Structures are given as structure tokens and as C-alpha cells.
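For reference, the structure discussed in these notes is given below.
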Amino acid sequence: MDKLPHEKGFHVSWDQLHRDARALAWRLDGHGPDDGAWKAVVAITRGGMAPAMIVARELDIRHVDTISVKSYNHQTQSEPKVIKSPDMDLVGDGTGVLIIDDLVDTGRTLEVVRAHMPKAHVATVYAKPQGRGQVDSFITEVSQDTWIFFPWDMALQYVQPYRGTD
Ligand SMILES: O=P(O)(O)OC[C@H]1O[C@H](OP(=O)(O)OP(=O)(O)O)[C@H](O)[C@@H]1O
Ligand code: HPA
Ligand SMILES: [Mg+2]
């Protein structure tokens, strides 16, 4: 039987995202340089903002900034561009900074971000094999041919029963 629409991707609920982002925070806790603390979180907008908020909350980090890299138009990839940089007085070379994104796919977004803050620790909630080398920490890996659907891109809707009634 053909796959049902909701079997064609990895669909992440808000609850799942919250659990996975918390797990990421707990993994990072105490692993900052020197005393183990992290001095700031930089979210890669827009997808990194929800996980970054959860990580900053768990680890009690009050300095939160953003970097904006645009790399996709819907599901089509284009040349990544930095549209907005974080406060470089705050982040410096990235030492003690946690860069957070929802996922790494090809790794091209993170390549651009790492060039800005070479000493930062890069963490994503989800990772695909091609980009895994660009992240220092992640929670769940999915195969390269899986599309991850996030809760902010979805809506609840009716699906046909597995065994149709004709
Ligand atoms: O590893 P890559 O192949 O570069 O892809 C991963 C990036 O792509 C998506 O962001 P997108 O650029 O679509 O912007 P958004 O976060 O605003 O949705 C995703 O949130 C990651 O940031
Ligand atoms: O699998 C994905 N899901 C959502 N956004 C993405 N951007 C790159 N890959 C993905
Ligand atoms: Mg993104």
C-alpha cells in the first residue's frame, strides 16, 4: 500500500519539540568553557527561535540574540545569505556562546554561521547525516531523504482511515 500523507515525513508536535529541546538543554548543561556556564544563546531565525527559548529558559541564560540566514524558499535550496547578524560585542569569536537551530540538513546554513562565530558551540534538535559534521550536539537523527515538519508549519486535519471503505 502507498504511504499515507502523514507517513511521508517526520512530523514533530509542539510537545515533542518541547521534550527534545529540553533534552538538548540538559545535555549542554555544565559543558560551557571555564566554569561550565554558557554566556549567551544565539538563535538561527526563524526555526531556531522556539528551541533557543526553551534552551535559554532551562539553562537560565538571559543574553539571547539572533542571526538570520535565509537558505530555502519553501523546500527549494538557494545560496545561504546572512540577513541579520547578532551583536558582535556580545558574542565575540563565539567563546561560551550556544548557537541553536531546529535542524541541520545539508549543513550550509551552519557553515555560514560558524564563519561568524568560529568558537561557538553549535547545537540543533534534529540532524540529517550530510550536515551532522557541522553540529557539536544534537538530539535525534533522521535519514537524509526525510523531510521534517515542524509544528509551526502544520495544522490538524482529517486523514482517511488506513483501510478505506470505498
Ligand atoms: O542545513 P541546511 O541545508 O542549510 O538547512 C537547515 C536550515 O534550513 C531551515 O531554515 P530556513 O532557511 O528554511 O529558514 P527558517 O528557519 O526561517 O524556516 C532550517 O530551519 C535550518 O535553519
Ligand atoms: O527537513 C526539513 N524540514 C524543515 N525545514 C527544513 N530545511 C531544510 N531541511 C528541512
Ligand atoms: Mg532555519
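Remember, it's a predicted structure, so these values are computed and weren't measured experimentally. Each ligand, and each atom within it, is numbered from 1 in the order the structure gives.
Classification of R62 and D60 as a salt-bridged pair holds, one side-chain N sitting under 4.0 Å from a carboxylate O.
Between F149 and W147, the two ring planes are perpendicular [angle over 60°; tilted spans 30° to 60°].
Within the 4.0 Å heavy-atom criterion, neither part of D102 lies near ligand 2. With a 4.0 Å cut-off on non-hydrogen atoms, D102 touches ligand 1 through its side chain and not its backbone.
Shown here for E79 and R108, the closest heavy-atom pair between the two residues is OE1-NH2, 3.1 Å.
Less than 4.0 angstrom separates some heavy atom of K128 from each of these atoms of ligand 2: 1 (O), 2 (C), 9 (N). When each atom of ligand 1 is checked for a heavy atom of T45 under 4.0 Å away, the hits are 16 (O), 17 (O).
Residue L103 has no nitrogen or oxygen atom sitting less than 3.5 Å from a nitrogen or oxygen atom of ligand 1, judged on distance alone. Between I148 and ligand 2, at least one N/O pair is under 3.5 Å apart.
Remark: side-chain polar atoms of D136 are not paired, donor with acceptor, to backbone N or O of A123 under 3.5 angstrom. With hydrogens and angles ignored, the 3.5 Å screen pairs a side-chain donor or acceptor of Q144 with a backbone N or O of Q130. Not a single donor-acceptor pair under 3.5 Å links the side chain of R57 to the backbone N or O of R22.
Atom NE2 of H63 has 12 or fewer heavy atoms from other residues, nucleotides or ligands within 6.0 Å.
Of the candidates I44, D101, L110, the one placing a heavy atom closest to atom 21 (C) of ligand 1 is D101. Closest heavy-atom approach to atom 17 (O) of ligand 1 within the set R46, E111, R108: this belongs to R46.
Taking 4.0 Å as the cut-off, G131 does not count as a neighbour of ligand 1 on heavy-atom distance.
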